[in-house]
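Report on the following structure.
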Amino acid sequence: MPANPAARPFARLVLMVAALLAVVTGCSSIPTTGPVGTATAHSDGNALVDTFAAAPRGPSEAGGETPEEILQGFIAAGTGAADDYSVAREFLTDTAAETWTPTDRVLIYGADPNIVPGPDGSSYSIRLEVVGSLDNRGIRTDLASGTTETLSAKLEQEDGQWRISAIPNGIMVTEVNFSLLFLSHNLYFYSSSYDFWVPDTRWFVQKSGIAANVVKAMLQGPAPYLQGAVTSAFPAGTTLARDAVPVVSGAATVDLSADVLQDSSDLNRQQMALQLWQNLGNLNNVNSVTMTVNQRSVDLGKESSDLVEPISDPEVGGTQIAAYQNELVYFKDGQRQQIDGIPSVAAYGPRDPALSLDLATIAFLNCERSALFITGPNQSVRQVAEGTSLTPPSIDPGRWTWTASQTGSGSSILALPPDGAAEDILSLPVPWLAEASVSELRISRDGARALLVAKQGGRSQVLVAGIVRDGDGVPRTLTTPLELAVTAESGSGIPQPLPVNRAKWVSEDSIVAAQTSPEGQVTPIILGLGARPQPLASLAGITALSAGKGEQDIYVQTLTAMSKRMGNSWYEVAEGLTDPSFPG
């Protein structure tokens with residue numbers, strides 16, 4: 001078989017097996033308790049260190065603290081993940097300390113908690129202004145400004161000192177401390193075709209045991225919004241044989257339960273090995289990965305001719321398509337270029353053109369955005385769909401063309417197969433869009449996710465949903481989406497929601513969004529699946545966005561010119577072009 005990129009990690013995995021077997025047993029003491037996490041490494045790569053050094057204090061040795069002070073101390077101790085949150089457990093009764101599960105949930109709060117005593121002198125309410133939460137799988141949910149939550153707690157005296165006898169599982173941390181304690185890290189799953197890596201952003205506490213926590217999270221499967229849209233090489237129910245993944249001099253050994261090998265083929269085991277490498281290789285203390293079962297190396301077999309290393313964060317090239325004087329043109333290397341071999345489209349008043357990655361398919365709307373057309377080099381123009389307020393088309397890696405249409409109070413999702421005609425178009429059943437008006441639909445460059453901007457109940461939302469496909473790659477529906485918070489700090493420092501009507505993929509896990517307007521200042525904003533919103537420089541009269549690869553490859557269009565991002569400013573690159581779009 002000719003050399004291919006997949007062979008590099010495959011060979012590295014095989015070569016490390018013998019060396020690692022000699023040291024597996026001696027490394028089993030690496031701690032792995034706590035939520036999944038990301039940590040930094042010493043220069044020798046042999047030990048992980050906590051980057052959040054402020055150690056919380058336990059109850060006063062002198063005693064005499066009030067119930068309110070005990071609760072305040074317990075909340076503050078949520079920053080101490082060491083030894084399975086041993087300091088926080090000091091504020092609990094012996095019985096509660098044994099049953100309390102700190103990793104069950106993280107509540108991220110803004111203003112100081114309000115502790116309110118109950119009528120009986122032993123029950124209390126903790127009222128929080130919650131800005132977000134993290135579940136036990138490291139999946140973060142951001143909440144609307146002004147969201148509050150009340151937790152109930154009970155206290156009793158133990159050895160003459162107040163201690164907490166009942167409180168919900170989980171910890172509470174300020175938004176500032178959360179950013180110090182946790183970092184985001186992408187898990188990776190295969191696209192349904194096994195051609196692409198699809199990121200699943202999780203939040204990890206910064207403590208030792210990161211490799212084991214990443215593997216455990218991956219083996220549990222994707223986040224809910226990706227279930228059915230991605231796949232794993234590991235069969236359901238696969239677990240670590242022990243609660244550790246030793247990392248010695250950069251070499252990680254993953255010891256799995258024996259059932260992982262049941263009915264597995266050489267190809268399947270090689271796909272497992274690649275997936276482990278993709279998930280652990282980005283950790284800064286891991287440079288090779290070996291898979292074992294019962295501390296014996298897994299025979300990966302002869303490299304399968306069907307093994308292809310999936311593409312991570314796919315490129316889209318440097319060619320954009322746009323409308324110019326009622327015709328379609330390319331924009332590349334700062335120059336407008338004629339598209340050879342396509343017919344005139346001036347009669348349709350073309351808007352919002354889209355381009356496939358191979359440049360073979362072009363889609364566009366008419367000026368009323370009521371009809372979708374397909375053409376390309378040496379092709380005629382054919383109408384393939386009609387609707388109301390159609391969204392700019394998007395063409396996925398398999399050359400399916402997508403758009404959304406307004407239908408009464410809601411929206412429908414339309415998908416046209418490659419080289420399809422009007423009778424081939426699919427209307428996907430998406431129940432959660434029954435009352436939502438979609439203004440943007442963009443398929444991710446891995447083809448597994450859909451980015452939508454929708455308005456419902458007077459509020460705009462930026463949503464990411466998984467695309468569920470059948471065995472032939474035909475899209476069938478969209479999963480219940482993940483909502484991204486689109487906020488900006490107000491004068492009081494409290495994040496406030498922002499309206500949005502346009503959004504584009506910038507990378508595998510970041511998006512640029514804006515509320516376009518031909519008048520007034522428009523501030524585009526970068527949204528990360530694992531990052532806080534980042535406002536860009538404002539520009540007057542932005543009417544469209546386009547994005548290539550990376551946060552510096554972002555373009556905006558005004559009524560007079562197209563401009564490109566440079567640092568935190570914009571500079572003009574072309575005049576007369578409208579609705580520019582990179583492939584996808």
Side-chain angles (χ1 to χ4, degrees), residues 35-38 78 103-111 113 127-151 170-187 199-205 217 222-226 432 436 440 449-466 479-490 492-501 503 505-515 523-536:
V36 288
T38 295
T103 61
D104 210 43
R105 191 184 186 205
V106 179
L107 283 178
I108 310 162
Y109 65 87
R127 297 175 181 171
L128 299 168
E129 181 187 54
V130 182
V131 299
S133 66
L134 202 67
D135 69 11
N136 61 0
R137 298 176 60 184
I139 301 170
R140 176 169 174 165
T141 301
D142 290 308
L143 302 172
S145 177
T147 300
T148 60
E149 185 164 338
T150 300
L151 306 180
I171 61 173
M172 297 162 267
V173 297
T174 66
E175 193 167 16
V176 171
N177 282 341
F178 182 86
S179 66
L180 298 172
L181 286 162
F182 293 83
L183 288 176
S184 61
H185 176 85
N186 285 338
L187 302 182
D200 180 354
T201 303
R202 305 293 180 92
W203 287 89
F204 299 88
V205 70
Y225 81 99
L226 290 175
W432 49 269
E440 186 84 90
R449 298 164 293 161
L451 165 65
L452 301 97
V453 178
K455 192 170 186 178
Q456 187 169 7
R459 185 174 73 91
S460 60
Q461 300 171 291
V462 177
L463 308 168
V464 179
T479 65
T480 302
L482 172 74
E483 181 176 358
L484 303 184
V486 188
T487 60
E489 288 192 358
S490 62
S492 62
I494 299 174
Q496 297 294 328
L498 295 176
V500 167
N501 66 346
W505 291 101
V506 173
S507 68
E508 64 175 2
D509 58 4
S510 62
I511 291 156
V512 61
Q515 177 69 32
T523 304
I525 189 166
I526 297 289
L527 305 176
L529 299 183
R532 293 171 60 89
Q534 172 196 345
L536 303 183

Could I get the full list of side-chain hydrogen bond (donor to acceptor under 3.5 Å, both in side chains) partners for [X], not counting sequence neighbours?
| X | answer |
| --- | --- |
| Q461 | E483 |
| R105 | E149 |
| N501 | T516 |

Under the ring-ring contact (aromatic ring centres under 6.0 Å, His included) test, which residues partner F178, sequence neighbours left out?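 For F178 the ring-ring contact (aromatic ring centres under 6.0 Å, His included) partners, ignoring immediate neighbours, are F182, W203.
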Would you name the heavy atoms of [X] and [Y] that are closest together and state the gap between them?
| X | Y | value |
| --- | --- | --- |
| V173 | I171 | CG1-CD1, 4.1 Å |
| V176 | S179 | O-OG, 2.6 Å |
| P499 | S460 | CA-OG, 3.3 Å |
| A465 | T479 | CB-O, 3.4 Å |
| L452 | W432 | CD1-CH2, 4.0 Å |
| A436 | Q456 | CB-OE1, 3.9 Å |

Can you tell me how far apart [atom1] ([X]) and [atom2] ([Y]) are? Round to the nearest 0.5 Å.
| X | Y | atom1 | atom2 | value |
| --- | --- | --- | --- | --- |
| I108 | L128 | CD1 | CG | 11.5 Å |
| L451 | I511 | CG | CD1 | 4.5 Å |
| L463 | T480 | CG | OG1 | 10.5 Å |
| I526 | L536 | CD1 | CG | 4.5 Å |
| L226 | L482 | CG | CG | 8.5 Å |
| Y109 | L143 | OH | CG | 15.5 Å |

Applying side-chain contact (heavy atoms from CB on, under 4.5 Å), name anything that partners T523, two or more places apart in sequence or on another chain.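 Result, side-chain contact (heavy atoms from CB on, under 4.5 Å) vs T523: P535, S538.
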With sequence neighbours excluded, tell me which residues meet side-chain contact (heavy atoms from CB on, under 4.5 Å) with T201.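 Checked T201 against side-chain contact (heavy atoms from CB on, under 4.5 Å); matches are S184, N186, D509, L529.
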Determine yes or no for a side-chain-to-main-chain donor-acceptor pair under 3.5 angstrom, with [X] supplying the side chain and [Y] the backbone.
| X | Y | result |
| --- | --- | --- |
| E440 | A503 | yes |
| R532 | T487 | no |
| D200 | A223 | yes |

Evaluate I525 against L527 for side chain to side chain contact (heavy atoms under 4.5 Å, CB included), listing each step before the verdict. CA-CA 6 Å; I525 189 166; L527 305 176; 4.2 Å; yes
Close side-chain approach of V106 to L181, heavy-atom, < 4.5 Å: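 No, too far: nothing below the 4.5 Å cut-off.
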Show, in sequence, the C-alpha distance, side-chain angles and deciding distance for W505 and V464, and conclude whether the side chain to side chain contact (heavy atoms under 4.5 Å, CB included) test is met. CA-CA 11 Å; W505 291 101; V464 179; 4.1 Å; yes
